[in-house]
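In what follows, a structure is listed as structure tokens, so that the remarks can point back to it.
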Amino acid sequence: MLEREVEIEYRPRLLEALQGKVKAVADSLRDQTPGCCQCGQPMKRQDTESVSWTARFGRLHAPVTRYRCPDCKNECRPLLELLGVEPGRLSGSLARLLGLLAVVAPYTLAAQLACCCWVSASAPWGCGR
């Protein structure tokens with residue numbers, strides 16, 4: 001019970017710290033233009049949109065720039081590729097923890113434990129909140 005109280009108390013600070021690190025990574029990529037993985041030519045900036053995903057401490061947000069190769073038509077979003085996340089989904093760390101939970105616990109118990117993590121009860125089986 002004490003562990004849960006501490007987790008609840010510090011979760012906002014942990015989320016804030018993680019969001020700050022995501023922002024720092026996003027800022028570091030801001031002036032970099034990626035090269036196309038197929039032809040090697042510099043890609044052109046298409047657009048930037050705000051995306052979010054769920055991590056262990058809550059929902060993270062970041063402005064994500066999409067690039068497109070004018071010749072090959074390949075697209076990339078360097079920030080998401082670097083962080084290893086997809087918009088609207090779970091972070092890799094959270095997905096691995098919930099995957100482990102789904103393997104070792106019966107469905108009902110896994111769903112209850114997932115809810116304690118502030119994630120949808122169906123998350124261990126592929127669905128985010």
inquiry  = Applying side-chain hydrogen bond (donor to acceptor under 3.5 Å, both in side chains) as the test, list every pair that has at least one member in residues 20-30; sequence neighbours left out.
reply    = K23-D27, D27-R30

How far does [atom1] of [X] sit from [atom2] of [Y], to the nearest 0.5 angstrom?
| X | Y | atom1 | atom2 | value |
| --- | --- | --- | --- | --- |
| S93 | R56 | OG | CZ | 5.5 Å |
| R45 | T33 | CZ | OG1 | 6.5 Å |
| S52 | R89 | OG | CZ | 12.5 Å |
| R77 | D47 | CZ | CG | 9.5 Å |

Under 3.5 Å side-chain donor-acceptor pair for R59 and T54 = yes

inquiry  = Tell me every residue that passes side chain to side chain donor-acceptor pair (under 3.5 Å) with D71, counting only those two or more places apart in sequence or in another chain.
reply    = none

key: Criterion side chain to side chain contact (heavy atoms under 4.5 Å, CB included) against L79, the qualifying member of L29, T65, V85   = L29

task = Kindly indicate, with the supporting measurements, whether the criterion side chain to side chain contact (heavy atoms under 4.5 Å, CB included) is fulfilled by C37 and C76.
result = CA-CA 9 Å; C37 62; C76 73; over 6 Å; no

ask   = Does E5 CD have over 12 foreign heavy atoms under 6.0 Å away?
value = yes

request  = Take V25 and L83 through the test side chain to side chain contact (heavy atoms under 4.5 Å, CB included) and record every step on the way to the result.
outcome  = CA-CA 9 Å; V25 171; L83 296 175; 4.3 Å; yes

key: Salt-bridge contact R13-E16 (side-chain N to carboxylate O under 4.0 Å)   = no

